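Labels below follow one simple rule: chain letters A, B, ... track the order of the sequence lines, proteins then strands, and each chain is numbered from 1. This one's a predicted model, so the numbers in the text were calculated from it and none came from an experiment.
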Amino acid sequence: MPKRNNNDMVISVVKSIKDKYDTSELEMIDMEKIEQTEPYNSTLPEKSLSIIKADDFSFYYGSKAGVKNISMEIYPFMVTAIIGPSGCGKSTFLRSINRINDLIPNIHVEGKLFVNNQDIYSRQINLVNLRQQVGMVFQKPNPFPKSIFDNVAYGPRLQGIKKRSVLQQTVEESLQSAALWDEVKDDLKKSALALSGGQQQRLCIARALSTRPKVLLMDEPCSALDPIATSKIEDLIETLKNDYTIVIVTHNMQQAARVSEMAAFFCLGELIEYDLTTKIFSNPSNKQTEDYVTGRFG
Amino acid sequence: MKITPAASQRFVVAFLWLITSITLLVLLFIIGYILVHGLGHINWSFLTESSRRMGREGGIFPMIVGTILVTGLAVIIAAPVGVLTTIYLTEYTREGKLTSIIRFGTDCLAAIPSIIFGLFGFVFFVVVLRMGFSIISGALTLAIMVLPTIIRTSEEAIRAVPKSYREVSYGLGSTRWQMVTKVVLKSALPGIGTGIVLSIGRCISETAAVMLTAGSALRMPDSPFASVRTLSLHFYILSREGISMENAYATASVLIITILVINVIAYLLMRRLAAKVR
């Protein structure tokens with residue numbers, strides 16, 4: 001596991017958590033204890049600061065490993081970018097976090113992956129709950145061929161919410177969070193497919209937010225968009241991290257540098273380096289990372 | 001002399017045109033021939049009266065009713081069974097031995113000539129289950145016959161639903177069944193509908209299987225266990241036994257027009273549906 005002895009980082013994490021969690025959950029975060037247990041390393045207390053924690057996690061397609069022996073922790077209310085060359089397992093790892101990879105036949109996992117201190121690959125896990133907590137935005141904007149309203153109301157309706165006023169409110173809030181409300185509030189009945197690519201992607205973000213998740217996974221959310229739509233999504237990510245934990249896979253180095261606080265560099269299914277984004281881009285400790293972020297390979 | 005690429009291109013285009021027009025002409029000739037001979041004998045009383053003297057006189061109303069009943073019942077039975085089988089095959093199992101056996105089975109079923117289904121229906125429904133020559137025996141037999149069509153077309157339609165819809169639905173916390181009903185079936189509906197319409201057409205035009213299971217009574221049916229004669233069977237008997245060629249052509253015309261109308265309506269409906277979901 002890559003070491004993270006960075007004091008500043010831990011302090012900033014704790015600050016952000018302190019702002020966000022209500023007091024009942026604050027019990028587990030004891031500022032002094034954390035400062036005492038410096039350096040902050042892999043021997044974490046049972047309940048850690050992280051919201052997502054991979055513990056020697058490997059994911060196999062048949063006998064081929066998609067990712068192997070990943071150990072990392074992802075912190076709440078931050079943007080964590082996963083970067084790396086194509087086929088390095090970035091998406092595999094991302095898609096393991098809400099178990100959407102389960103749709104593929106012949107897969108199996110080794111090691112553990114925790115979300116909110118729950119081992120999500122254990123038998124007891126309720127997949128419906130997990131996926132409501134961990135929303136996902138995909139590479140290509142993929143709204144359903146339904147109206148804007150029905151797209152966003154899809155998630156709440158799955159939970160059995162039928163009351164028009166409740167749905168209306170959820171839809172409005174979600175669209176507002178996704179910075180789309182002002183553009184579409186007058187025609188919520190319009191087909192989602194009539195929107196532009198960038199609007200569609202923000203609609204997909206709104207749809208993912210409609211179940212009030214804690215974590216938002218984004219799998220190259222801007223790769224199909226033009227620069228203007230991309231910058232809108234990036235601005236949106238900036239605001240969303242106040243309320244959500246965001247994990248974003250991106251091929252775009254500048255994007256990772258712009259939007260993320262933490263960055264993980266994957267290569268050939270392994271986690272090479274995981275650190276503050278500023279460190280990864282300015283002073284990486286690994287040669288491979290350096291080569292990749294400076295564009296010498298990948 | 002060498003043939004230039006441009007010349008060969010022109011030749012091929014002309015040749016393909018010729019072949020296509022021959023196909024179309026044959027089709028138009030058959031339909032035209034029947035309509036020319038049959039349309040003159042169709043009038044209101046022909047459509048609404050019972051037949052007299054074995055079909056030499058009178059109309060074909062009982063046959064229209066019989067056709068609707070047998071076909072309708074067959075599709076009502078086959079459609080849910082077929083669609084649910086498809087859902088199981090595509091959404092609830094992984095590709096494996098079982099699915100390939102089921103798929104192989106349906107393919108074999110599709111290749112069996114209809115007279116064999118008739119024979120099976122006769123032995124099983126009519127004799128063993130003591131249903132007699134009846135609407136219900138005929139409908140059950142036809143249902144088995146069109147099942148492969150429905151399964152295959154629905155499977156194609158369901159597989160064409162983009163994977164991303166499924167992922168999004170799961171990602172929002174849907175169960176498998178919610179995903180199937182709210183996303184997959186909705187998007188696949190035009191394709192499934194097309195399969196059902198195709199099987200309606202097959203049921204209406206089926207003769208051999210119906211002859212052996214639904215019988216050939218000329219009366220108006222009064223219960224599901226009554227024997228009926230469908231339009232295609234009526235046409236067959238009229239012409240085969242030389243009873244009345246005029247009425248045979250007229251019946252055939254009614255058959256052709258019915259199938260044409262069903263197909264056009266279905267096409268328009270499906271197009272509207274497809275526009276809605278796409």
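Among all heavy-atom pairs drawn from B:Tyr165 and A:Pro145, the shortest one is OH-CD, 3.3 Å. Contact record, A:Lys146 with B:Lys186: NZ-NZ, 4.1 Å, taken as the closest heavy-atom pair.
In this structure, A:Glu173 places its CD atom where more than 12 heavy-atom neighbours from other residues, nucleotides or ligands lie under 6.0 Å away. Atom OH of A:Tyr61 is surrounded by more than 12 heavy atoms from other residues, nucleotides or ligands within 6.0 Å.
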(request) May I have the step-by-step check of side chain to side chain contact (heavy atoms under 4.5 Å, CB included) for A:Arg131 and B:Leu172, ending in yes or no? (result) CA-CA 6 Å; A:Arg131 287 167 182 157; B:Leu172 289 167; over 6 Å; no
(request) Begin with the C-alpha distance, continue with both residues' side-chain angles, and end with the deciding distance and a verdict on side chain to side chain contact (heavy atoms under 4.5 Å, CB included) for B:Glu167 and A:Met136. (result) CA-CA 9 Å; B:Glu167 287 182 342; A:Met136 184 150 199; over 6 Å; no
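Neither the backbone nor the side chain of A:Leu209 comes within contact range of chain B; no heavy atom of the residue lies under 4.5 Å from a heavy atom of that chain. Residue A:Arg95 touches chain B through its side chain alone, counting heavy-atom pairs closer than 4.5 Å. Using a 4.5 Å cut-off between heavy atoms, A:Pro156 does not touch chain B at all.
Annotation: the span from A:Asp102 atom CG to B:Tyr170 atom OH amounts to 9.5 Å, rounded to 0.5 Å. Here the OG-CZ distance, from B:Ser169 to A:Arg207, works out to 9.0 Å after rounding to the nearest 0.5 Å. Residue A:Leu158 holds its CG atom at 7.5 Å from OG1 of B:Thr175, rounded to the nearest 0.5 Å.
For the set A:Leu103, A:Asn126, A:Val137, A:Leu217, the count of heavy-atom pairs under 4.5 angstrom toward chain B peaks at A:Leu103.
There is no side-chain donor-acceptor pair under 3.5 Å between B:Ser174 and A:Tyr154.
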